[in-house]
Amino acid sequence: MRTGIFVGSFNPFTVGHDSIVKRALPLFDRLVIGVVGDQVHKPGMPSAEERMRAISILYADEPRIEVKPYYGLAVDFAKTENAHFIVKGVRSAKDFEYEREQADINRMLSGIETILLYSEPQYSSISSSMVRELEHFGVDTTVFLPHKQ
């Protein structure tokens, strides 16, 4: 069974994240969305359980997707899930360099490969931190958040 993991804090899970999930899914028999557990404390960050619940609702009708918390290194989570691939989204050259370095280290540590999927152009400026900033100022951010279809 081909299993991939897609990991992040997903605070919040955006339309960009949703795009990566939908585009990665055909590559795998099983895709596990790993939500950073509660060991990461940022002001105002919803619990891992709340973030997982929101993501699980989106994919409730897709049996190949599982949503789980993870703690520690992504490669350790991948091993736990019997995954041989880590899926990452890339919006810019800056993202690419960061993810390339992470992919190199992850491969050295574990042999696990990273698959980089480039952002669709309409999502290249969307980030969780941008959504949080807009929400802080009272802006309606629903256009940046996926909805169950």
Side-chain angles (χ1 to χ4, degrees), residues 1-42 44-92 94-96 98-100 102-103 105-107 109-135 139-149:
M1 176 179 282
R2 286 182 327 249
T3 299
I5 63 166
F6 180 46
V7 295
S9 60
F10 305 122
N11 179 30
F13 193 83
T14 69
V15 291
H17 295 128
D18 182 54
S19 169
I20 297 297
V21 168
K22 287 176 178 171
R23 291 167 48 222
L25 192 56
L27 303 173
F28 303 104
D29 301 307
R30 176 173 166 254
L31 182 64
V32 181
I33 300 173
V35 177
V36 171
D38 291 330
Q39 83 278 16
V40 175
H41 294 287
K42 296 179 183 177
M45 185 169 179
S47 71
E49 188 63 38
E50 291 173 86
R51 289 175 282 134
M52 288 171 43
R53 188 177 317 114
I55 297 166
S56 294
I57 289 168
L58 287 172
Y59 304 113
D61 297 331
E62 178 48 73
R64 295 176 295 161
I65 295 177
E66 298 175 32
V67 182
K68 297 182 176 185
Y70 88 96
Y71 307 88
L73 297 175
V75 292
D76 293 337
F77 180 62
K79 287 177 187 176
T80 300
E81 294 301 322
N82 295 312
H84 293 95
F85 302 95
I86 299 171
V87 175
K88 301 295 278 196
V90 176
R91 294 170 297 176
S92 65
K94 182 175 121 181
D95 281 358
F96 174 81
Y98 175 80
E99 295 299 348
R100 184 191 58 76
Q102 293 294 308
I105 298 301
N106 286 340
R107 192 181 325 83
L109 291 174
S110 67
I112 294 172
E113 289 291 344
T114 299
I115 296 173
L116 300 178
L117 294 178
Y118 295 100
S119 171
E120 294 181 83
Q122 68 268 32
Y123 302 135
S124 64
S125 296
I126 299 171
S127 68
S128 294
S129 56
M130 180 273 305
V131 171
R132 289 192 311 274
E133 180 81 5
L134 291 173
E135 287 173 344
V139 175
D140 178 6
T141 59
T142 55
V143 69
F144 303 119
L145 306 174
H147 303 288
K148 187 167 172 74
Q149 297 176 357

Looking at [atom1] of [X] and [atom2] of [Y], how far apart are the two atoms once the value is rounded to the nearest 0.5 Å?
{"X": "Lys22", "Y": "Leu31", "atom1": "NZ", "atom2": "CG", "answer": "13.0 Å"}
{"X": "Thr14", "Y": "Ile20", "atom1": "OG1", "atom2": "CD1", "answer": "9.0 Å"}
{"X": "Ile115", "Y": "Glu99", "atom1": "CD1", "atom2": "CD", "answer": "13.0 Å"}
{"X": "Ile5", "Y": "Ile33", "atom1": "CD1", "atom2": "CD1", "answer": "11.5 Å"}
{"X": "His147", "Y": "Asp18", "atom1": "NE2", "atom2": "CG", "answer": "10.0 Å"}

**Request:** Please list, chain by chain and in numerical order, all residues satisfying side-chain hydrogen bond (donor to acceptor under 3.5 Å, both in side chains) with Ser56, sequence neighbours excluded.
**Result:** none
**Complete:** Contacts of Thr114 meeting side-chain hydrogen bond (donor to acceptor under 3.5 Å, both in side chains) (sequence neighbours excluded), chain-then-number -> none
Report all side-chain donor-acceptor pairs from residues 118-126 shorter than 3.5 Å, counting only partners two or more places apart or in another chain.
unit_1	atom_1	unit_2	atom_2	d
Ser119	OG	Ser124	N	3.3
Glu120	OE2	Ser19	OG	2.4
Ser124	OG	Pro121	O	3.0

**Request:** Apply side-chain contact (heavy atoms from CB on, under 4.5 Å) to Ser128 and Arg132, showing your working.
**Result:** CA-CA 6 Å; Ser128 294; Arg132 289 192 311 274; 3.6 Å; yes
**Request:** Please name all residues satisfying salt bridge (charged side-chain N to carboxylate O under 4.0 Å, His left out) with Glu62, sequence neighbours left out, ordered by chain then number.
**Result:** Arg64
**Donor-acceptor under 3.5 Å (Arg51 side chain, Asn11 main chain)** = no
**Item:** Selection residues 110-119 - residue pairs positive for salt bridge (charged side-chain N to carboxylate O under 4.0 Å, His left out), sequence neighbours left out
**Value:** Arg107-Glu113
**Message:** Counting C-beta onward and ignoring hydrogens, is there a side-chain heavy-atom pair between Val35 and Pro69 closer than 4.5 Å?
**Reply:** no
List in chain and number order the residues that pass side chain to side chain contact (heavy atoms under 4.5 Å, CB included) with [X], two or more places apart in sequence or in another chain; answer none if no residue qualifies.
{"X": "Asp29", "answer": "Met1, Arg2"}
{"X": "Ser110", "answer": "Val75, Lys79, Ile112"}
{"X": "Ile57", "answer": "Arg53, Lys148"}

Set of ring-ring contact (aromatic ring centres under 6.0 Å, His included) partners for [X], sequence neighbours left out:
{"X": "Phe144", "value": "none"}
{"X": "Phe6", "value": "Phe10"}
{"X": "Phe77", "value": "Tyr70"}

**Request:** Using side chain to side chain contact (heavy atoms under 4.5 Å, CB included) as the criterion, point out the one residue from Val67, Leu58, Leu145 that pairs with Phe13.
**Result:** Leu58
**Request:** Search all heavy atoms of His17 against all heavy atoms of Pro12 and return the closest pair with its distance.
**Result:** CE1-O, 3.6 Å
**Message:** Quick one, Phe28 with Ile65, criterion side-chain contact (heavy atoms from CB on, under 4.5 Å). Give me CA distance, side-chain angles, the key distance, then yes/no.
**Reply:** CA-CA 10 Å; Phe28 303 104; Ile65 295 177; over 6 Å; no
Pairs of donor and acceptor atoms involving the side chains of residues 81-89, under 3.5 Å and at least two apart or interchain, shall be tabulated with distances.
unit_1	atom_1	unit_2	atom_2	d
Glu81	OE1	Arg30	NH2	2.3
Glu81	OE1	Lys68	NZ	3.0
Glu81	OE2	Lys68	NZ	3.2

